[in-house]
Amino acid sequence: VTQIHVRVDGASYTDDVEPRMLLVHYLREQVGKVGTVVGCDTSNCGACTVHLDGEAVKSCTVLAVQADGSEVTTIEGISGGDISGGDISGRNGASNGTLHPMQKAFHEMHGLQCGFCTPGMIMASIDLVKDNPNPSDDEVREGIEGNLCRCTGYQNIVRAVQQAAAEMSGRQAGNGHSSSAVVDPAAAPHVVVQS
Amino acid sequence: MTLVEEPTPAAAPAREVGRARKRKEDARLITGKTTWTDNMILPGMLHLAVLRSPVAHAKIARIDVGAAQQAPGVVAVFTGRDFAEEQGSIPCAWPVTPDMVNPGHPSVAVDEVNHVGEAVAVIAARSKAAAQDALELVDIDYDQLPVVLDMEAAIAPDAHLCHDHIESNESFTWVFDAGEAGTGGDTEQAFAEAEVVVSRRFVQQRLIPAFMEPRAVVVQPQGDNYTMWSSTQVPHILRLMLAMVTGTPEHKLRVIAPDVGGGFGGKLQVTPEEVISLLVARRLGKPVKWAETRSESLMSAHHGRDQIQYIDIAADREGNVKGLRCRILADMGAYLRLVSPGIPILGAFMFVGIYKFPAYRFECQGIFTNKVPTDAYRGAGRPEATFAVERIMDELAVELGMDPLELRRKNWINADEFPFTTAAGLEYDSGDYEAATQQALQLLGYDELREEQRRRRESGDPVQLGIGFSTFTEMCGLAPSRVLGSLSYGAGGWENASIRMLATGKVEVVTGSSAHGQGHETAWSQLVADELGVPFEDVEVLHGDTSISPRGLDTYGSRSLVVGGAAVVKAAAKVVAKARRVAAHLLEASEDDLEFADGTFSVRGTPGTGLAIQEIALATFAAHNFPEGMEPSIDADATFDPVNFSFPHGTHICALEVDTETGFVKIRKYACVDDVGVVVNPLIVEGQVHGGLAQGIAQALYEEAVYDADGNLTTGTFVDYLVPSAADLPHFDTGNTVHPAPGNPIGAKGVGEAGCIASTPAVVNAALDAVRHLGVSDIRMPLTPERVWRAIHQGGDGGERATAGTNAYGGAQTETTAGVSSDASSLGGDR
């Protein structure tokens, strides 16, 4: 076994790990960060995506020992504070400011269904927007190509990433590509009150 | 009625139904505060690893587990022999004919293995790594037997047998004949007298549901009670079946489906691994966990589709259809799982689509092969049927020289003809196919694209454009228990709900429908908010635990809202009825004089007398002042069993570019207008349509489970099994028309499978429309660039992708395919 020192979501850990242990298994089994999940065993699906020293990595392709001395951020470390019990619906003017803009956008744009790919998808998308603050539809699609979702057909994920990109770069929602937080009636003409 | 696009009148109270409510479920899912089964850790828990057969058909000559038992961390090793007396058979709940052959399906193979990936031994160890390390220490000798992979070969005379102890590879033959059933004329006569007959053979390739969360099971023994957490769609069915299979009494079993990461039918199952986990926990008295890898999932979880369809259509020269005849070979795989035989039978009623066929005959043989069993996958029988009828309508249109839409219009059921009983005997409830089609044509920008197609064709552009239609319907909301009984299904189709009014005025809704990504918590909250007049936020929806929601039939077949949601509405009505009696007592008024609106009872014509339902809940809790003879409770439950299915429909149009030089296809535009009845939450409905489209398009363009000549799955990882990424899919333009379903109080028809059922033929029809002038009349799915290129440049359907002798290859050997099995093809063909 090898001893590693890692900071995960702002807390420091010193642990003994087997040299063969993958970072994702270390995070899940030793640190208890089960928000990060395993979806395949060939690094195709991206469900395990985390940030390693600020860069998105598939944590199934990184050995735990390679993370020694590094800073790891998971889906559990990107919101601004304790949001347990928080009201994300924004009802009664309640703030949802503790969520990361990408988390908020996935919620508002219905960018998830079963939610299993969502942590990895959000982590990959944050990295994408860091590199390209104003991605087009095609640029988002190519940027998240390494993350598979079986539920959404991706369209609402694309809209979520573009909305979050606008918010993260201080632009108002609506950069020519993205939709506002309400349902886009062009994409969803049925979003009208029924007779 | 159709959708009226006008704002709500300002004075009307805000109804929750119809609002694009953002989902309650998201809070935990976007923050990683989830309860996936694999997250669970219990004190002393052992980890299971399953050793799987590397051969498709063999006798197990010898198993030596000695070395594995001695491995570090290993607690126990079990073989099929160890469980032979108690493991029974994986249940098949749908014996479609009285003489259906079911070879029996042990959870762990005892004497014989019948597909690659079948469980042959189980390791229980103190860590997952220790369990997996020990797998390779189990020593097994296999005496290999001939492998049966191709359905047409499997039913030929002198075929090898898929199982040693069966007499043929046929499980059943199931027939529906409209003439005999009295729902149509004589099919043979219709064909004999027809002016035009078009016959085609279509191949529905084998698909893998490929839910994102791999399956996982945790079992905790507590005395003689067992709690199972499983990544399942069907906790209630699982509990019942586990009791029947293992002999652990039903009341000693509790099954919990915590957060479940997608299913698409793939988790509508009683799996060998669930049985194994229970048996090991029972044997060792210790909590156990099994969590699969993706490779295990792809090779051992059930697959879907896999049919060979021989379709004949009869018509007159004017394009009036006269009859439809379908002979289907349906690959069961090596065993019958929960509803394997029922899948093609569900499809039997949908082959006539939306058309007024005067005669119809359907015949299906269920065939065994040495492959993993097939079972439900999104659409379950209906995508196969829709593909067949929508493809053959295009072929007939070509034969007649008619516009494909004109041919459809000439034969579809008109809006003023509902309810309409089809030749398959189903009574379609409501709809307007013309209205949906007109809206879809507009969404697509049809005329411009047709013009562009003409230009490209005239200029001989290497990139050709095609437009394909699918005007579909489906049967949803499974379903009337009597109908399911008449089809020999082992269960009913009702759904249960209960509503608990808490003292603080908050509301708990218990539903038997077990969601795994659909958004029931949000939609059910909207229903209850409207019915009880309570705030959306004050409703909590509980599901997926047989102790919390004791009665239910779970989530599949687009049934949840139509049946389960309806039960919620019925339960709410009972709550209101009870509360009305309490309100009358407290207000000292007659019940008949009370009106209930926006959550408040008031005496008609007497302003200021209101009593909110929350106040009544508190008064009920206290029970100090209650109506004489009434139990102090306003809680209620309801069970809803519909009298008919519901029939969503829609028009899907795909515009597709085909690069004739490379065979690469690209969806240029996709537009669809679905009628799913009343929409409770447009955001969720749109999401369901998107996701369905992605899977239906993936069948047309990307996905195929391919076996080599030895029965090895060559698409056993996500490297080879092509679940599409964001870059592989287009933007979807979606819309709705609304014709309420008359058969349930919500008016909803179901939406979970619509996109998946409708889209596949639209895409293939578009591809053929693009290249038919080049002499191409069929291209085998999925439309890989190589297949498309071959079809254009070499003729045929481009089919030579997999190994000869498998269905992916194109069925039994023919003149053109004989002897083509090569080293290259045994590696998975030209992939």
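Note that these values count all heavy atoms, side chains included, but never hydrogens, waters or copies made by symmetry.
Closest heavy-atom contact between His110(A) and Leu683(B): CD2-O, 3.1 Å. Minimum interatomic distance between His107(A) and Arg23(B) (heavy atoms only, all atoms of both residues): CE1-O, 3.2 Å. Residues Glu145(A) and Ala727(B) share a closest heavy-atom pair of OE2-CB, 3.5 Å. Annotation for Thr42(A) and Phe718(B): closest pair OG1-N, 4.1 Å, computed over non-hydrogen atoms.
With a 4.5 angstrom heavy-atom cutoff, Ala129(B) touches chain A via backbone and side-chain atoms both. Only the side chain of Ile122(A) comes within contact range of chain B, with at least one heavy atom under 4.5 Å from a heavy atom of that chain. Of the atoms belonging to Thr118(A), it is side-chain heavy atoms, and not backbone ones, that fall under 4.5 Å from chain B. In this structure, chain B has a heavy atom under 4.5 Å from the backbone of Val38(A), while its side chain stays farther away. Heavy atoms of Gln688(B) lying under 4.5 Å from chain A belong to its backbone as well as its side chain. For Val689(B), no part lies under 4.5 angstrom from a heavy atom of chain A. Looking at Asp38(B), both its backbone and its side chain come within 4.5 Å of chain A, counting heavy atoms on both sides. Using a 4.5 Å cut-off between heavy atoms, Leu693(B) makes no contact with chain A at all.
Using modelled atom types, one finds a donor on one side chain and an acceptor on the other under 3.5 Å when comparing Arg28(A) with Asn39(B).
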Intermediate values then yes/no, side chain to side chain contact (heavy atoms under 4.5 Å, CB included), Val34(A) and Thr34(B): CA-CA 8 Å; Val34(A) 293; Thr34(B) 36; 5.8 Å; no

Criterion side chain to side chain contact (heavy atoms under 4.5 Å, CB included) on Cys45(A) and Met212(B), from CA distance to verdict: CA-CA 8 Å; Cys45(A) 81; Met212(B) 285 311 299; 3.7 Å; yes

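Counting heavy atoms of neighbouring residues, nucleotides and ligands inside a 6.0 Å radius, atom CD of Glu540(B) does not exceed 12 of them. Under a cut-off of 6.0 angstrom, the local environment of NZ in Lys130(A) is crowded, with over 12 non-hydrogen atoms contributed by other residues, nucleotides or ligands. Taking a 6.0 Å sphere around CD of Gln442(B), one finds it holds 12 or fewer heavy atoms contributed by other residues, nucleotides or ligands.
When Asp41(A), Ile157(A), Thr74(A) are compared by the number of non-hydrogen pairs under 4.5 Å with chain B, Asp41(A) comes out ahead. Among Arg20(A), Glu142(A), Met121(A), Lys33(A), the residue with the largest count of heavy-atom pairs under 4.5 Å with chain B is Arg20(A). When each of Ala694(B), Gly262(B), Ser295(B), Gly263(B) is checked for heavy-atom pairs under 4.5 Å with chain A, Ser295(B) comes out on top. Between chain A and the options Gly519(B), Pro730(B), Ser297(B), heavy-atom pairs under 4.5 Å are most frequent for Pro730(B). Considering only heavy-atom pairs separated by less than 4.5 Å from chain B, the leading option among Cys114(A), Gly35(A), Gly153(A) is Cys114(A).
Looking at His690(B) and Asn156(A), their side chains come closer than 4.5 Å, going by heavy atoms from C-beta outward. Side-chain contact between Asp26(B) and Leu112(A) is present, with heavy atoms from C-beta onward closer than 4.5 Å. Contact check for Cys40(A) versus Thr717(B): no side-chain heavy atoms found under the 4.5 Å cut-off. A 4.5 Å side-chain heavy-atom check between Cys151(A) and Phe211(B) finds every atom pair outside the cut-off.
At least one donor-acceptor pair under 3.5 Å links the side chain of Arg141(A) to the backbone N or O of Ala726(B). The backbone N or O of Pro724(B) sits less than 3.5 Å from a side-chain atom of Tyr154(A), completing a donor-acceptor pair. Gln113(A) contributes a side-chain N or O that, together with a main-chain N or O of Gly687(B), makes up a donor-acceptor pair within less than 3.5 Å. Of the possible polar contacts, none joining the Arg150(A) side chain to the Gly261(B) backbone as a donor-acceptor pair under 3.5 Å is found.
To the nearest 0.5 Å, the span separating NE2 on His731(B) from CG on Asp137(A) amounts to 7.5 Å. Within the model, atoms CZ of Phe116(A) and CG of Leu29(B) stand 11.5 Å from one another, a figure rounded to the nearest 0.5 Å. For the atom pair NZ of Lys128(B) and CD of Glu29(A), the computed distance is 7.5 Å after rounding to the nearest 0.5 Å.
Partner of Ile30(B) under the side-chain contact (heavy atoms from CB on, under 4.5 Å) criterion, chosen from His100(A), Met102(A), Gln103(A), Lys104(A): Gln103(A).
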